[in-house]
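The structure appears right after this line, and notes come after that.
Everything numeric here is computed off the predicted structure, so don't read it as measured data. Just so it is clear: chains get the letters A, B, ... in the order the sequence lines come, proteins before strands, and each one is counted from 1.
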Amino acid sequence: MTTTGKSRPDSDGGDARGNVDRYVPAAIEKKWQTQWESDGIYEASDYIEGKENYFSLVMFPYPSGDIHMGHWFQYSGSDAYARFKRMQGYNVLHPQGFDSFGLPAENAAIERGADPRKWTYSNIDNSRRQFREMGASYDWSRELVTSDPEYYKWNQYWFLQFYKNGLAYRENGQANWCPKDQTTLANEQVKDGVCERCGTTVTRRAMPQWFFAITKYADELLDMDDLDWPEKIKMMQRNWIGRSTGTTIGFDVSEYVAGEQIETFTTRIDTVFGVTFVVLAPEHPLVMKLTQPDQKDVVQAYVENASRQTEIDRTSTEREKTGVATGAYCVNPMNGERVPVLVGDYVLATYGTGAVMGVPAHDERDFVFAKKYDLEIRVVVAPPDWNEEELEEAWISPGIQVNSGEFNGMSSIDAKDAIANDIESNNWGRRTITYHLRDWLISRQRYWGTPIPIIYCDDCGTVPVPEEDLPVKLPENVIFEADGRSPLTKDSNFLNTVCPQCGKPSKRETDTLDTFVCSSWYHLRFASPNSGQSPLNDDQVRAWVPVAAYQGGSEHAVMHLLYSRFFNKALRDLKFVDFDEPYTKLTNQGMLTKNGGKISKRSNPLPPDPVVEQHGADTLRCYLMFLGPWDQGGDWSDSGINGIKRWLNRIWDLAQRDYSVLGGSVSDSAERDLSRIANATSQRVIADMNVFKFNTSIAALMEFTTALMRAHENGNVSVESWRSGVERLLLHAAPLAPHIAEELWQRTGHIGSIHMEMNPSYDESVITADVITLAVQVQGKLRDQIEVPADIDQESAIQAAKMATNVVRHLEGMQIIKEIYVPGRLVNIVVKPF
RNA sequence: GGGGAAGUGGCGAAAUGGCAGACGCGCAUGCCUUAGGAGCAUGUGCCUUAACAGGCGUGUGGGUUCGACUCCCACCUUCCCCA
């Protein structure tokens with residue numbers, strides 16, 4: 001414990017400063033948290049006369065047990081921003097809730113026998129407590145918990161709308177399977193071949209799965225020109241969608257299999273005359289049909305071996321590319337040549353057509369492959385000054401077509417089009433657009449999620465649950481076993497039902513929805529939280545959405561943020577919303593680390609509660625904001641927190657100083673100086689808060705704090721200037737340190753909450769000083785500084801600069817060849833020896 | 001391998017073409033104190049110097065400019081994303 005809590009009879013804060021009690025955060029923070037809540041000052045009205053609505057949303061947490069220091073970092077910043085916007089006169093909606101479906105609850109059930117519902121809701125209670133201790137300005141009246149039936153009912157409703165409109169479908173497919181979590185994963189949830197959540201190597205498994213048709217929106221999702229988002233996130237989404245334009249062309253194999261051809265996709269159709277082999281994925285349906293008898297054993301063994309490898313291994317650039325010949329040949333339609341067909345495991349059946357044309361001269365991978373297997377390397381796009389010599393490495397840049405029949409002499413850029421036209425007119429293939437993006441796999445073979453509202457009837461087939469029967473509730477008291485089967489498949493009360501169409505006994509779907517469905521539309525529900533009979537209230541949605549400012553981590557770049565955009569567009573086309581994008585402006589907070597590593601409860605713990613207990617919530621909030629730029633994150637260290645504590649202590653002391661000692665000997669210049677720094681501080685703080693630069697906002701406020709203390713000690717400012725200075729300091733500090741600002745606001749005689757006040761205004765004309773310091777350089781090196789009137793003209797400034805003592809020395813024996821004056825900043829004199 | 005971001009005192013950082021190191025930590029000296037993990041004051045990039053002053057300095061090497069942490073080129077290192 002610190003000594004701050006102990007009462008001491010005299011010395012500090014006493015005597016001339018007006019006998020003030022010490023700053024004890026614990027004594028004021030709880031009090032104001034309770035007061036704010038009972039006054040409901042952060043509850044947003046949908047309309048306030050004369051105020052513009054501003055929806056400032058921060059990504060809601062998964063309630064894993066504790067609000068950890070990373071959460072404090074994220075939520076302190078977003079709360080400070082929301083508070084700042086409120087004080088700029090906006091009608092701000094800043095809600096909070098819990099993304100409470102998901103694997104950890106269920107794993108806790110399997111590992112420790114905890115009931116997922118109890119485990120989750122007790123975590124939520126704890127998280128609510130910690131959010132309150134943070135002093136965050138959330139509108140708790142709009143809180144939502146995604147595992148509540150009132151919420152997930154609408155997930156089911158959206159699913160049904162999507163299903164009816166062809167945006168949700170079920171298909172047999174190879175799914176990513178996590179053997180540990182016993183569930184399927186979307187591509188986005190597989191990182192480096194392992195499960196994003198638990199790190200287990202992902203395998204593939206064939207099973208019927210539900211999908212959302214996100215690829216229908218691939219092109220529209222690429223249009224992000226109007227989004228005020230970090231360029232990095234846009235780039236990641238573009239890469240993830242991975243649109244590439246090219247040509248599909250068929251290589252005839254009818255001499256082996258009647259009427260068949262190998263379809264290949266390429267973005268470099270200009271190199272098609274350089275094809276010297278074709279490679280099939282081991283899973284390609286033509287592999288066995290084409291393989292010649294003497295190659296059967298080799299190919300079979302190769303295919304079997306490939307099936308045991310992960311995709312990551314197979315496509316790794318570290319690994320040498322391997323392949324085996326099938327003994328068959330296919331025909332290049334462009335020149336009628338027969339080229340060998342090989343099988344190679346670096347070609348994946350799931351991408352493109354599952355076959356690639358090999359052009360060793362113009363593709364690095366093919367080049368290496370051809371060298372290894374001694375295949376022809378034929379140049380068809382000539383590098384500049386090429387004279388038929390062999391290439392040292394693949395030439396992948398544009399060039400001039402050679403060995404390309406009628407296209408010889410054309411630039412390869414033009415040839416792309418010309419050859420594609422030729423192929424299309426001969427019906428050998430077609431222009432094709434491919435995407436890396438796959439449809440969103442939403443099925444999870446898990447219990448703790450939203451049941452998919454579908455019933456399977458022997459007679460009627462797949463039947464959607466009627467909307468009036470929603471929600472399909474998750475059963476309680478189910479059996480958990482780590483056997484790869486969802487508890488829902490073993491709960492006969494849940495599983496067995498009757499067909500809504502024919503009334504015959506039928507089975508429910510036992511898959512639950514990916515939890516990213518919950519977070520794809522939660523912002524809409526925050527805007528219209530109380531619509532019991534409909535998912536949304538149109539007026540409320542229109543009042544608040546799209547979200548003006550959205551804050552969250554960049555780890556959601558290709559999952560949540562892409563799904564949300566898709567959801568919004570789908571809901572727009574189904575006439576539920578009338579805007580194109582859900583989040584207008586996005587800001588990423590950086591990651592908070594400890595000793596350079598990720599903070600984790602087990603291996604690298606950093607619990608916030610002890611810090612709050614020792615220093616108070618305001619100190620912790622400000623310290624986290626002061627570490628560095630919010631969008632860059634930072635590394636936690638205990639050492640700096642005292643600086644912030646000292647600053648808050650100084651504010652505490654300063655705001656309560658006895659100002660009756662002032663006013664006796666007011667100096668005009670001291671008044672002007674204080675006014676100048678006061679206005680300059682507001683200008684800096686307002687500009688910085690607007691762009692989430694909390695660190696420099698705090699630095700400006702610290703400087704202002706020091707200036708106020710100096711003014712008081714010198715005793716030469718008026719009571720009015722002093723009081724308005726203190727007021728200004730408290731108002732600017734309020735978004736960052738809400739409790740101490742509120743307490744001091746009250747103690748300095750104000751009625752009502754400081755958080756309902758407006759930011760102080762500033763006058764730019766006051767900020768400019770009448771006398772300024774100019775830097776004087778000779779040859780660009782600083783030699784002296786001069787005090788001059790602020791409105792000095794160029795000629796006088798240069799005159800004065802030349803007379804500065806230390807400048808004279810450097811001008812001796814030199815002739816001046818150039819003089820530069822940067823108004824208000826510096827004079828630079830360029831010289832050379834006579 | 002491709003794409004992106006970053007590299008500044010002992011430390012967190014500021015400055016995005018104009019006085020590098022604001023603000024804070026730490027450290028040093030002094031004041032106050034019975035006491036200090038409290039408070040206040042002063043100092044604090046490196047080198048030379050008694051001082052005035054000078055030299056060097058923002059990962060490395062070039063370039064543009066009167067002037068470069070900032071812009072351009074090449075390279076090194078770290079982190080992130082993708083393969």
If you only use heavy atoms from C-beta on, which nucleotide in [options] is closest to the side chain of [X]?
| X | options | value |
| --- | --- | --- |
| A:Arg783 | B:A83, B:G24, B:G54 | B:G54 |
| A:Lys781 | B:G3, B:C56, B:G12 | B:C56 |
| A:Trp240 | B:G54, B:C66, B:C82 | B:C82 |
| A:Val830 | B:C56, B:C66, B:C40 | B:C66 |
| A:Asn806 | B:C56, B:C25, B:G54 | B:G54 |
| A:Arg809 | B:A38, B:A53, B:C56 | B:A53 |
| A:Asn828 | B:C19, B:G18, B:C25 | B:G18 |
| A:Ala699 | B:C23, B:G67, B:G24 | B:C23 |

### Message
Below 4.0 angstrom, which residues in residues 814-826 of chain A have at least one non-hydrogen atom near RNA chain B?
### Response
A:Lys818, A:Ile820, A:Val822, A:Arg825, A:Leu826
Expressed as a whole number of Å, how far does the [atom1] atom of [N] sit from that of [M]?
| N | M | atom1 | value |
| --- | --- | --- | --- |
| B:G3 | B:G55 | P | 43 Å |
| B:U16 | B:U70 | C1' | 5 Å |
| B:G39 | B:A14 | P | 25 Å |
| B:G17 | B:C81 | C1' | 32 Å |
| B:C19 | B:C71 | P | 16 Å |
| B:C25 | B:A5 | C1' | 26 Å |
| B:A35 | B:G43 | P | 27 Å |
| B:G62 | B:A68 | C1' | 14 Å |

Parallel, tilted or perpendicular for [X] and [Y], by the 30°/60° rule?
| X | Y | result |
| --- | --- | --- |
| A:Phe84 | A:Tyr81 | tilted |
| A:His712 | A:Trp722 | tilted |
| A:Phe692 | A:Phe694 | perpendicular |
| A:Tyr583 | A:His560 | tilted |

### Message
Tell me if the CD atom of A:Gln815 is crowded by more than 12 foreign heavy atoms within 6.0 Å.
### Response
yes
### Task
Give a yes or no on whether A:Lys232 atom NZ has more than 12 heavy-atom contacts from other residues, nucleotides or ligands under 6.0 Å away.
no
#### Entry: Most 5' of A:Leu627 and A:Asn239 on RNA chain B, judged by nearest nucleotide
A:Asn239
### Task
Between A:Gln777 and A:Gly640, just flag the one whose closest nucleotide in RNA chain B comes earlier from the 5' side.
A:Gln777
### Message
Could you write out RNA chain B as dot-bracket? Rules: Watson-Crick or G-U wobble, both distances under 3.5 Å, brackets [ ] for crossings, | for pairs with another strand, dot for unpaired.
### Response
(((((((..(((.....[....)))((((((.......))))))((((....))))..(((((..]....)))))))))))).
[atom1] of [X] versus [atom2] of [N]: gap in Å, rounded?
| X | N | atom1 | atom2 | answer |
| --- | --- | --- | --- | --- |
| A:Met702 | B:A22 | CE | P | 14 Å |
| A:Asp688 | B:A13 | CG | P | 17 Å |
| A:Arg238 | B:G2 | CZ | C1' | 17 Å |
| A:Asn695 | B:G12 | CG | P | 14 Å |
| A:Glu703 | B:G21 | CD | P | 13 Å |
| A:Lys693 | B:A14 | NZ | P | 7 Å |
| A:Arg646 | B:G37 | CZ | P | 12 Å |
| A:Tyr23 | B:A38 | OH | C1' | 16 Å |

### Task
Pick base, sugar-phosphate or nothing for A:Arg710, based on heavy-atom distances below 4.0 Å to the nucleic acid.
sugar-phosphate
### Message
Considering every strand and a 4.0 Å limit on heavy-atom distances, what is the contact class for A:Ser637: base, sugar-phosphate, or nothing?
### Response
nothing
### Task
Output, in order, the C-alpha distance, side-chain angles, deciding distance and verdict of salt bridge (charged side-chain N to carboxylate O under 4.0 Å, His left out) for A:Arg243 and A:Asp219.
CA-CA 8 Å; A:Arg243 183 184 204 266; A:Asp219 279 320; 2.7 Å; yes
### Task
Given ring-ring contact (aromatic ring centres under 6.0 Å, His included), test A:Tyr623 with A:Trp636 step by step and report yes or no.
CA-CA 10 Å; A:Tyr623 179 56; A:Trp636 172 271; 5.2 Å; yes
### Summary
Expected label for B:G61 (glycosidic angle, syn inside 90° of 0, else anti) would be anti
### Task
Starting at CG of A:Asp618, measure out to CD1 of A:Ile644 and round the result to the nearest 0.5 Å.
11.0 Å
### Summary
Output for pair (A:Ile740 CD1, A:Arg621 CZ), nearest 0.5 Å, gives 12.5 Å
### Task
Determine, for A:Asp653 against A:Arg657, whether the closest basic-nitrogen to carboxylate-oxygen distance falls under 4.0 angstrom.
yes
### Message
Is the phosphate of B:G54 approached by A:His810 (side-chain N or O, under 4.0 Å from OP1 or OP2)?
### Response
yes
### side chain to side chain donor-acceptor pair (under 3.5 Å) between A:Arg783 and A:Gln777, intermediate numbers included
CA-CA 5 Å; A:Arg783 293 306 178 189; A:Gln777 299 178 333; over 6 Å; no
